[in-house]
Protein chains: 2
Amino acid sequence: MSEKEQKKATIYDLSVKSGASASTVSAVLNGSWRKRRISEETAKRIMSLAKEHKYTANQQARGLRSSRSGLAGLLLPVYDTRFFSSMAQTFEVQARKRGLLPVVVSGRRDPDEERRTVESLVSYSIDSLFIAGATDPDGVHKVCVRAGLPHVNIDLPGELACSVISDNRHGARILTSAIIRHAQQAGPLGPDDVYMFGGRDDHASRERTIGFHAAKTEAFGTFAGNDTESTGYSPSMTALAFERFYDRHGRLPRCFFINSSINFEGLLRFMGKHDGEAFGDIVVGCFDYDPFGSFLPFPVYMIRPNISEMLEKGFELLETPEAASHIVLVESQLVLPRTALEGPLDELKDNS
Amino acid sequence: MSEKEQKKATIYDLSVKSGASASTVSAVLNGSWRKRRISEETAKRIMSLAKEHKYTANQQARGLRSSRSGLAGLLLPVYDTRFFSSMAQTFEVQARKRGLLPVVVSGRRDPDEERRTVESLVSYSIDSLFIAGATDPDGVHKVCVRAGLPHVNIDLPGELACSVISDNRHGARILTSAIIRHAQQAGPLGPDDVYMFGGRDDHASRERTIGFHAAKTEAFGTFAGNDTESTGYSPSMTALAFERFYDRHGRLPRCFFINSSINFEGLLRFMGKHDGEAFGDIVVGCFDYDPFGSFLPFPVYMIRPNISEMLEKGFELLETPEAASHIVLVESQLVLPRTALEGPLDELKDNS
DNA sequence: TTGAAAGCGCTAACAA
DNA sequence: TTGTTAGCGCTTTCAA
């Protein structure tokens, strides 16, 4: 009741009440008071006054003056995937741990929108930007450079800035080996039985394709044949690719690698349309982890990128002065079928 | 190369170059120039100058002066769920459509953290806040009131502010009816075969429980018995509940309602530990939609809340002057097993 | 149709 | 150890 909307207290209000000057109050409240040699006593007095009046600094004013904002940006292609939503969740925790307010935005895989989005972040003077899976990382990079904005690429490398990415090649290789081994338990397998769906002409997809082929070569020796189908990161395009394959062969490949959980949704759509049929004899590998995906009615091997380590390394890079553009690789984890890993949700307090 | 880091242009730079005053430039660049009766010619000149110099307004300065920020906040409990990540995605689109920059944060189901988080948003002078599933909506409400911050509850109602929520009772009822009907196809079913797992003592869970019981009464007439197990929104607690049931009965219920996809992950954990067993004869309903969940090796009925409509209505409420606290109900959609719905991902440009 | 001037709340020299 | 002062870049009266 009594908690009406009240004008927020400013350092001037506290300055009057405390008898100290505004700059003293300012120094106390932003933590620089020790090095400004303000007496412990004054500091205490001001702090308790601040608490009493529920003072919180106006970040716009602070930012305007200091040309920092305390905002950390994360640019995602989309949220709506367990991979990217875990990234948002983890980013939030790590940013807040550093006293930053996370601002997560999505560029929706559109180079123009990516640039506009980053420009709008720049107009808020964000302090740093994590670029996760931009379609055009180097375009975004240029915007950052013009603005003097420190930034790192996460998960998809750019040429021009530091990048922290998964070891896509190695991950794809162990994933492919795993599904091949599994499929071989059901009988002899040839290279034509092992396919790859999804991805586009980006660094991650290229590396994964190399790893995929390396594993096939290891299993079958040299082989020839068209064994990959590039569909972009689109569920519907991927569904079409499965339809085409099905039309031609009367079934899905015994064993296949799906480039991401987004593409995996394309398989779901395909399955939704082929209701009567069984898929019990396929073996699938997906370069992404989704807990529900892991329990589908056929064996699904998954790769879980180590998001938390990628972000930690990203923050480290930003805190490191002026490292030249280079790439940091982070190992990811092979997840066996029917595995429900713990995730960010498990760290929550939940008292019920 | 030539795009070095350059000091950002200000209205004063443009004022000098254009020969107009700073206030004229300001008016032109923030769109208020028509009503300030500035000549089309001056306006054009300044605008082209602005484009040439890639001028973008400093939002901190603008916000400081006008005590608005152009930021719209969304408080989530967690990101890492298809429901909440869809909400983040949809919120982003709708906020940007209105010229706002979305700031999505998570309160991690901790009342203290929720309040602190909102306070930090307040210190950035955000213009409005959407509260989605706060543990303590009314605590958050108070923070908003003190700050004069317009806000709405989404998906979980508060007593004190306007709320837009799913029709939980009706949704639960049709979901429960659907799984009962499905399970009855496999043979006679009694009320003891129909269970509910998950949730806590919040409005959504209570309403869903009522709907659940209404459907059971409709199917079986009156009945008695302990048929719900409240586990909070925690995968591990939910897994334990399934373990306990399994220990007592040697199997899972033939037919059960899971309160949310977070609780559903608890079922996955249970299944991961019971590898050899079949779950082919259970029928599950989940109050949330997850595309992968829909294709698990047993029938899964799901409810998809209409996120986009909830958010639209939320924006409308905020734009409406001073409506008294009330609740807007939004219908959700029953999703049959093995259904891959389109989602926000499908609106993306994706040129393979 | 335009400009001058004040000030949003804060920080950081520089003085005292 | 503390206070004075001058802005950060913008919006907004008010006056011309």
Side-chain angles (χ1 to χ4, degrees), chain A residues 6-47 49-50 53-71 122-127 147-148, chain B residues 6-47 50 53-71 122-125 127 147-148:
Chain A
Q6 29 190 288
K7 273 232 123 339
K8 284 193 69 182
T10 73
I11 51 171
Y12 288 99
D13 302 332
L14 298 183
S15 150
V16 170
K17 309 235 184 221
S18 68
S21 74
S23 61
T24 300
V25 174
S26 167
V28 169
L29 264 22
N30 67 26
S32 68
W33 60 280
R34 295 222 87 104
K35 84 167 191 271
R36 285 217 45 207
R37 309 160 148 275
I38 283 161
S39 72
E40 190 122 5
E41 187 201 309
T42 340
K44 286 248 169 75
R45 187 159 36 92
I46 292 174
M47 283 168 160
L49 223 38
H53 291 265
K54 296 192 203 283
Y55 170 85
T56 50
N58 179 323
Q59 296 292 343
Q60 310 223 61
R62 177 176 281 180
L64 176 58
R65 183 54 234 238
S66 58
S67 48
R68 302 184 63 267
S69 64
L71 301 172
V122 165
S123 73
Y124 284 95
S125 315
I126 61 168
D127 296 335
Chain B
Q6 29 191 286
K7 271 226 118 352
K8 283 194 72 183
T10 71
I11 52 171
Y12 287 97
D13 302 333
L14 297 183
S15 150
V16 171
K17 308 236 184 220
S18 69
S21 74
S23 57
T24 301
V25 175
S26 167
V28 169
L29 264 21
N30 69 26
S32 69
W33 60 279
R34 295 222 87 104
K35 86 165 189 271
R36 287 220 40 208
R37 309 160 148 278
I38 283 161
S39 72
E40 189 123 8
E41 187 200 309
T42 343
K44 286 251 170 72
R45 188 159 34 92
I46 291 174
M47 283 169 158
H53 291 267
K54 297 195 205 279
Y55 170 84
T56 49
N58 179 323
Q59 297 293 343
Q60 311 222 59
R62 176 174 282 181
L64 175 57
R65 184 54 234 238
S66 58
S67 48
R68 301 184 63 268
S69 65
L71 301 173
V122 165
S123 72
Y124 284 95
S125 314
D127 296 335

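Each chain gets a letter, A, B and so on, in the order its sequence line appears, and its residues count up from 1.
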Please report, rounded to the nearest Å, how far the [atom2] atom of [N] is from the [atom1] atom of [X].
X: A:Arg62; N: C:dC10; atom1: CZ; atom2: P; answer: 8 Å
X: A:Lys35; N: C:dA13; atom1: NZ; atom2: C1'; answer: 12 Å
X: B:Ile11; N: C:dA4; atom1: CD1; atom2: P; answer: 13 Å
X: A:Gln59; N: C:dG9; atom1: CD; atom2: C1'; answer: 11 Å
X: A:Leu64; N: D:dT11; atom1: CG; atom2: P; answer: 12 Å
X: A:Arg65; N: C:dG9; atom1: CZ; atom2: P; answer: 16 Å
X: B:Arg37; N: D:dT12; atom1: CZ; atom2: C1'; answer: 17 Å
X: B:Ile38; N: C:dG3; atom1: CD1; atom2: C1'; answer: 10 Å

Can you tell if the side chain of [X] reaches within under 4.5 Å of the side chain of [Y], non-hydrogen atoms only?
X: B:Leu14; Y: B:Leu29; answer: yes
X: B:Leu71; Y: A:Tyr124; answer: yes
X: A:Leu64; Y: B:Asn58; answer: yes
X: A:Arg62; Y: B:Ser123; answer: no
X: B:Glu40; Y: B:Arg34; answer: yes
X: B:Lys44; Y: B:Glu41; answer: no

For a quick test of reading the model: is some side-chain N or O of B:Tyr55 closer than 4.0 Å to OP1 or OP2 of D:dC10?
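Affirmative; the distance criterion is met.
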*Below 4.0 angstrom from OP1 or OP2 of C:dG7, is there any side-chain N or O of A:Tyr12?*
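The answer is no; no side-chain N or O of A:Tyr12 sits under 4.0 Å from OP1 or OP2.
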Sorted by number, the residues of residues 20-32 of chain B with heavy-atom contact under 4.0 Å to DNA chain D: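 When residues 20-32 of chain B is checked for heavy atoms under 4.0 Å from DNA chain D, the hits, listed by number, are B:Ser23, B:Ser26, B:Asn30.
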_Nearest heavy atom decides the nucleotide; on that basis, is B:Ser66 or A:Glu40 closer to the 5' end of DNA chain D?_
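The residue mapped nearer the 5' terminus is A:Glu40.
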### Query
Can you tell which of C:dC14, D:dC14, C:dT1 lies closest to the side chain of B:Thr42?
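Between C:dC14, D:dC14, C:dT1, the one nearest the side chain of B:Thr42 would be C:dT1.
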Exercise for the section: Applying side-chain contact (heavy atoms from CB on, under 4.5 Å) between A:Ser26 and each of A:Asn30, A:Val28, A:Thr24, report the one that passes. Expected result: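 The side-chain contact (heavy atoms from CB on, under 4.5 Å) with A:Ser26 is passed solely by A:Asn30 among A:Asn30, A:Val28, A:Thr24.
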